[in-house]
Amino acid sequence: MDFDLTPPTGVGPLRIGMTRHAANTALDSLRDFAAISESDRPGQHVFRLSGLMISIHCVLDEVLAVAAVHPGLADRGTGRAERTRSTSSRLP
């Protein structure tokens with residue numbers, strides 16, 4: 001599955017500023033129900049079979065940040081995971 005990364009607005013169907021309910025629905029659409037990871041946390045993050053983790057960060061009822069992290073794409077020599085993150089420029 002391919003995901004459109006559109007910093008600083010979102011990842012795939014997840015967008016900064018959407019409601020938590022809409023984000024939960026979008027996050028569920030990214031879940032592979034044939035192989036749900038034990039690490040999945042509905043309403044927080046999804047782990048794909050490829051190792052990609054997609055997470056949302058909400059305050060009250062609004063998504064303030066979306067992150068897509070693939071630990072298998074570690075920076076050579078540092079062990080840091082490659083991270084693509086979209087964050088809101090608004091302060092809470």
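Sequential numbering from 1 along the given sequence is applied to the chain's residues. Just so you know, these numbers come straight off a predicted model, no measurement behind them.
- Between Ala67 and His57, the shortest heavy-atom distance links the atoms CB-NE2, 4.3 Å.
- Counting only residues at least two apart or in different chains, salt bridge (charged side-chain N to carboxylate O under 4.0 Å, His left out) contacts with residues 9-26 are absent.
- Pairing each heavy atom of Val66 with each of Ile16, the nearest pair is N-CD1, 3.9 Å.
- A search for side-chain hydrogen bond (donor to acceptor under 3.5 Å, both in side chains) contacts involving Asp28 returns Arg31, not counting sequence neighbours.
- For Ala23 against Leu14, the heavy-atom pair with the smallest separation is O-CD2, 3.5 Å.
- Contacts of Thr19 classified as side chain to side chain contact (heavy atoms under 4.5 Å, CB included), with partners at least two apart in sequence or in another chain: His21, Ala22, Asp61.
- Gly43 and Asn24 make their closest contact through CA-OD1, 3.1 Å (heavy atoms, listed as atom of the first residue, atom of the second, distance).
- Here Ile54 contributes atom CD1 and Gln44 contributes atom CD; the two are 15.0 Å apart, rounded to the nearest 0.5 Å.
- One distance of note links CZ of Arg41 with OG of Ser55; it measures 13.0 Å at 0.5 Å rounding.
- Here the closest non-hydrogen pair linking Glu62 and Gly17 is OE2-CA, 3.6 Å.
- Taking CG of Leu64 as the start and CD1 of Ile56 as the end, the distance is 10.5 Å to the nearest 0.5 Å.
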